[in-house]
A.B. asks: 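Pasting a structure here, questions to come.
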Amino acid sequence: MEALEYKCPNCSGGIIFDSTSQNLTCPYCDTSFEIDALVQFNQSLENEKADSYGWQDYTRESGTGDWEEGELDGISEFRCPSCGGEIVGNPNTVATSCVYCGNPAILMSQLQGMYKPDYIIPFKLDKNAAKSALIKHLRFKPLLPKSFKDENRIESLTGIYVPFWLFDCDVDASIRFKATRTQVWSDSEYRYTRTSYYLVLRDGGMSFEMVPVDGSEKMDDEYMEAIEPFDYSQISDFKTPYLSGYIAEKYDIDAEQSKPRANARIKTSVEDIFRSTVKGYNTVVTENSNISLHDGKIHYALLPVWMLNTKYKDKIYSFSMNGQTGRFVGELPVSVGRFWAWTFGLTSVFTAVASLIYLLFM
Amino acid sequence: MKKQLRLAFVAMLLFAATVLTPFITVASAQPNNPSLPRIVDNSDLLTDQEEDFLLSRISEIHAKYAFDVVFVTENDLQGKSTRDFADDFFDYGGYGVGDDNSGVLVLISDEGRWISGTGRGIMVFSSDYGIPRIGKMIAPYFDDGEYFDGFNSFLNFSDEFLKQEQTGDPYTEGNPYRTLTDKLKTVGIIAVAAFILSLLIVSGMKRSMKTARLRSEAGEYVVQGSFVLTRESDTFLYSTVTRTAIPKSDSSSSSGGGGSSSHRGSSGTSHSGGSF
């Protein structure tokens with residue numbers, strides 16, 4: 001007697017195919033199978049691989065490369081080119097304004113040893129746009145403490161070119177789902193439920209373009225992702241003069257460290273999109289997903305962000321505005337009194353309306 | 001002495017009523033036999049003042065609803081069941097209002113307590129709904145020996161049930177009578193549900209105060225038209241069938257609908273009835 005072993009899709013137990021009885025039944029859970037379906041299921045198990053992320057390294061050759069000859073020369077380091085005053089900045093500051101004369105200063109020496117950005121999106125919205133966006137943001141906020149609007153003072157309002165890594169890639173994916181379809185019927189004594197299990201396989205691919213990952217330690221990732229998306233149709237090649245009048249940071253999280261964040265977001269999107277092609281089932285569970293990423297290219301770009309810090313009752317509240325699209329995000333304080341006032345107010349309204357309906361019509 | 005006189009009186013009336021009833025027609029708002037005693041307290045459970053008070057309320061119900069109410073306390077049921085005694089007492093006594101002898105009788109005896117409805121009483125004090133519903137609410141008084149409170153409370157509920165009957169939509173299983181406590185309980189449940197709903201809404205408002213959040217995906221950066229599927233295979237693997245027994249519905253109790261089950265007394269008159 002000859003025996004072959006397969007894994008049961010229901011309980012993962014080993015199925016013994018008894019060649020004499022021609023019967024294919026799991027000895028553990030008593031489920032029986034079509035032979036073709038079982039073979040396909042076990043084949044798809046064997047073919048599963050680990051995810052692969054084929055990013056090119058970001059090097060001199062892949063990016064714009066080094067600064068051109070003379071581009072960094074002839075500028076006094078840490079000295080204001082207008083008044084000669086000494087400029088104190090943090091080691092990552094590339095562009096700032098002079099504390100003495102207020103003129104913009106670009107600290108070219110800071111750029112040495114770093115890559116030149118490939119792209120830049122210039123600021124489209126000014127200081128006043130950021131201020132009015134804050135006022136608009138505070139409107140229709142019933143839980144905001146009443147005094148916040150009056151007592152809240154803008155501590156600082158800064159336009160910053162934030163370093164971002166932009167990830168381009170093609171993705172091939174192979175995803176296995178377990179899906180079920182249920183039928184319910186009944187006779188005079190019993191209600192029956194038939195649950196049919198399906199092996200659903202989807203292979204395919206898609207391309208991603210310029211998935212941004214914040215390259216600055218100082219900038220909060222939550223804020224930087226919340227102000228997405230930027231309009232890349234207005235992206236241009238990096239030119240130093242764009243920095244004038246704004247603060248610019250250079251990256252302190254390199255491309256290598258930023259890859260996992262890009263991978264995670266890309267993988268979730270791929271799974272979501274594939275999942276949306278599995279239709280007509282009652283439940284769908286992703287059992288295995290294998291993603292292979294290739295032709296991955298990384299770009300280095302400076303993107304415009306307005307940062308607002310406001311002070312209320314000795315606490316700093318920060319807001320960010322997309323300097324191109326005006327998308328405004330932040331965190332506002334919640335008044336405990338207002339929270340409960342609204343909760344009990346709504347409770348009374350709902351109770352009154354529902355009780356009235358009950359007493360009059362029921 | 002008083003008791004014997006009453007019994008004699010009732011016996012005489014019973015005889016008279018049996019013979020005369022077919023020939024008597026009375027204006028609908030008046031009881032067919034206004035002079036009959038509406039409270040026959042042979043077990044002496046009520047004081048005279050209590051009886052006077054209850055009688056005045058019964059007269060109000062006569063006037064308001066053209067509906068008779070009779071209270072009987074009697075321990076000697078002459079070998080009859082509480083049901084038959086109550087039905088016969090009502091029928092042969094000549095109680096009731098109008099051609100259909102509408103009315104209700106409450107019998108209190110050592111052998112049990114019984115409510116019997118006649119005429120419109122069959123619908124208002126139905127065997128299926130009215131009698132058990134009211135019986136449940138007044139039984140505690142009788143259990144505790146508070147007979148006056150029990151009868152008085154019965155008159156309160158009768159008033160409400162009869163008032164509801166006049167609207168053309170009497171209390172039934174499908175249109176249940178609710179006491180103030182029932183209504184307050186429901187309003188309480190509504191208030192709790194409203195509180196939970198409000199808390200969810202306001203918590204949502206609180207969450208929206210923070211708009212700086214990480215994104216979980218990168219769907220915005222998928223190149224348009226780049227998505228292709230190279231394999232789409234859906235293979236049936238196996239199926240399982242489970243069965244659960246359908247709970248048997250008790251067809252005899254639910255078939256009543258808006259009607260009321262009734263029985264015929266020895267006089268041939270239909271009654272609703274039930275103990276409490």
Side-chain angles (χ1 to χ4, degrees), chain A residues 9-10 31-34 37 40-41 141-144 179 186 189-211 220-223 225-226 228-229 265-266 268-269 272-273 277 320 329-332 334 339 342-343 346-347 350-351 354-355 358-359, chain B residues 175-176 178 180 182-184 186-248:
Chain A
N10 188 25
T31 318
S32 50
F33 305 94
E34 287 267 328
Q40 201 187 342
F41 178 81
K141 294 282 187 291
L143 300 184
L144 193 68
S186 51
E189 282 182 34
Y190 292 100
R191 185 170 288 116
Y192 299 88
T193 310
R194 180 196 292 281
T195 311
S196 304
Y197 293 83
Y198 292 83
L199 165 70
V200 179
L201 299 171
R202 294 285 183 276
D203 291 358
M206 65 187 81
S207 305
F208 287 83
E209 207 168 61
M210 294 192 180
V211 179
D220 191 331
D221 283 354
E222 285 188 339
Y223 282 73
E225 290 192 9
E228 285 177 28
R265 285 181 67 179
I266 287 169
T268 311
S269 272
D272 286 353
I273 289 165
T277 68
S320 296
V329 302
E331 188 172 1
L332 291 168
V334 172
F339 181 90
W342 269 87
T343 305
L346 282 178
T347 304
F350 291 150
T351 307
S355 301
Y358 160 72
L359 293 174
Chain B
N175 177 30
R178 292 187 183 99
L180 190 62
D182 293 336
K183 288 177 183 170
L184 285 177
T186 312
V187 170
I189 293 166
I190 290 175
V192 170
F195 176 74
I196 293 168
L197 180 68
S198 307
L199 199 61
L200 285 175
I201 293 173
V202 179
S203 301
M205 282 158 57
K206 185 184 172 186
R207 259 197 308 282
S208 74
M209 294 292 270
K210 184 184 177 185
T211 45
R213 285 171 200 290
L214 288 181
R215 284 165 191 260
S216 59
E217 40 76 52
E220 285 156 327
Y221 306 100
V222 176
V223 177
Q224 269 206 336
S226 71
F227 175 52
V228 281
L229 276 179
T230 53
R231 167 151 83 155
E232 267 186 282
S233 97
D234 297 42
T235 314
F236 170 74
L237 287 177
Y238 61 97
S239 69
T240 56
V241 177
T242 56
R243 60 173 198 184
T244 48
I246 297 168
K248 290 256 181 300

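The analysis underlying the following values was restricted to heavy atoms, covering all of them including side chains, and did not include hydrogens, waters or symmetry mates.
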A.B. asks: So do B/Glu232 and A/Arg202 actually touch side chain to side chain, heavy atoms under 4.5 Å?
C.D. replies: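 Yes - at least one pair of side-chain heavy atoms lies under 4.5 Å apart.
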A.B. asks: Highest number of heavy-atom pairs under 4.5 Å with chain A: which of B/Val187, B/Leu229, B/Leu197, B/Val192?
C.D. replies: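 Of B/Val187, B/Leu229, B/Leu197, B/Val192, B/Leu229 has the most heavy-atom pairs under 4.5 Å with chain A.
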A.B. asks: Which residues satisfy the side-chain contact (heavy atoms from CB on, under 4.5 Å) test with B/Val223, sequence neighbours excluded?
C.D. replies: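 Residues passing side-chain contact (heavy atoms from CB on, under 4.5 Å) with B/Val223: A/Ser207, A/Glu209, B/Ser226.
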A.B. asks: Are any side-chain N or O atoms of B/Ser239 and backbone N or O atoms of A/Thr195, one a donor and one an acceptor, separated by less than 3.5 Å?
C.D. replies: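 A pair under 3.5 Å: no.
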A.B. asks: What is the minimum heavy-atom distance between A/Thr351 and B/Ala194, and which atoms define it?
C.D. replies: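 Closest heavy-atom pair between A/Thr351 and B/Ala194: OG1-CB, 3.4 Å.
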A.B. asks: Need one label for B/Ile201: side chain, backbone, both or neither, based on atoms under 4.5 Å from any heavy atom in chain A.
C.D. replies: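 For B/Ile201, the side chain is the part near chain A, not the backbone.
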A.B. asks: Would you check, one step at a time, whether the test side chain to side chain contact (heavy atoms under 4.5 Å, CB included) holds for B/Met205 with A/Phe339?
C.D. replies: CA-CA 9 Å; B/Met205 282 158 57; A/Phe339 181 90; over 6 Å; no
A.B. asks: B/Met209 and A/Val334: which non-hydrogen atoms are nearest, and at how many Å?
C.D. replies: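 Heavy atoms only, the tightest pair is CG-CG2, 3.8 Å.
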A.B. asks: Tell me the closest heavy-atom pair linking A/Val211 and B/Tyr221, and the distance in Å.
C.D. replies: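 Heavy-atom minimum between the residues: CG2-CB, 3.7 Å.
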A.B. asks: Closest heavy-atom contact between A/Ser269 and B/Ala218?
C.D. replies: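 Closest heavy-atom pair between A/Ser269 and B/Ala218: OG-N, 2.7 Å.
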A.B. asks: Could you tell me whether the side chain of B/Thr230 and the main chain of A/Asp203 form a donor-acceptor pair under 3.5 Å?
C.D. replies: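 Pair found, side chain donor or acceptor close to backbone of A/Asp203.
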A.B. asks: Quick one: sort the B/Phe236 and A/Tyr198 rings into parallel, tilted or perpendicular, breaks at 30° and 60°.
C.D. replies: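 Perpendicular, since the angle between the ring planes exceeds 60°.
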A.B. asks: For chain A, find which of B/Ile196, B/Leu199, B/Leu200, B/Val202 contributes the most heavy-atom pairs closer than 4.5 angstrom.
C.D. replies: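 The residue among B/Ile196, B/Leu199, B/Leu200, B/Val202 with the greatest pair count is B/Val202.
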A.B. asks: Kindly determine whether B/Tyr238 and A/Tyr197 satisfy ring pair (Phe, Tyr, Trp, His ring centres under 6.0 Å), including the steps that lead there.
C.D. replies: CA-CA 5 Å; B/Tyr238 61 97; A/Tyr197 293 83; 4.6 Å; yes
A.B. asks: At a heavy-atom distance under 4.5 Å, which candidate from A/Thr343, A/Leu346, A/Leu144, A/Ile266 has the highest pair count against chain B?
C.D. replies: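 Looking at each option in turn, the highest pair count goes to A/Thr343.
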A.B. asks: Using a cut-off of under 4.5 Å for heavy-atom pairs, which of A/Ala354, A/Pro229, A/Ala179 has the most such pairs with chain B?
C.D. replies: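 Sorted descending by pairs with chain B, the first entry is A/Pro229.
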A.B. asks: Atom OG1 in B/Thr186, atom OH in A/Tyr358: separation rounded to 0.5 Å?
C.D. replies: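 Going from the OG1 atom of B/Thr186 to the OH atom of A/Tyr358 covers 3.0 Å.
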A.B. asks: Could you check whether any side-chain N or O of A/Thr268 sits under 3.5 Å from a backbone N or O of B/Glu217, counting only pairs where one atom can act as donor and the other as acceptor?
C.D. replies: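 Judged by distance alone, no pair lies under 3.5 Å.
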A.B. asks: For the atom pair CG (B/Leu214) and CD (A/Glu225), what is the distance rounded to the nearest 0.5 Å?
C.D. replies: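 Taking CG in B/Leu214 and CD in A/Glu225, the distance rounds to 5.0 Å.
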A.B. asks: Roughly how far, to the nearest 0.5 Å, is the CG atom of A/Leu359 from the NZ atom of B/Lys183?
C.D. replies: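 Rounded to the nearest 0.5 Å, the NZ-CG separation comes out at 6.5 Å.
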A.B. asks: For B/Arg215, is it the side chain, the backbone, both or neither that has a heavy atom under 4.5 Å from a heavy atom of chain A?
C.D. replies: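 For B/Arg215, the contact with chain A is made by backbone and side chain together.
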A.B. asks: Heavy-atom pairs under 4.5 Å with chain B are the metric here; pick the option from A/Ala226, A/Ser320, A/Gly330 that has the most.
C.D. replies: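 Looking at each of A/Ala226, A/Ser320, A/Gly330 in turn, A/Gly330 comes out on top.
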A.B. asks: I need the minimum non-hydrogen distance between A/Phe350 and B/Ser198, along with the two atoms involved.
C.D. replies: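 Smallest interatomic distance, heavy atoms only, reads CD1-OG, 3.5 Å.
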A.B. asks: For B/Glu220, is it the side chain, the backbone, both or neither that has a heavy atom under 4.5 Å from a heavy atom of chain A?
C.D. replies: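 Just the side chain, heavy atoms under 4.5 Å.
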A.B. asks: Count the heavy atoms belonging to other residues, nucleotides or ligands that lie under 6.0 Å from NZ of A/Lys141, then report whether that count exceeds 12.
C.D. replies: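 Yes, NZ of A/Lys141 has more than 12 neighbouring heavy atoms, counting only those of other groups under 6.0 Å.
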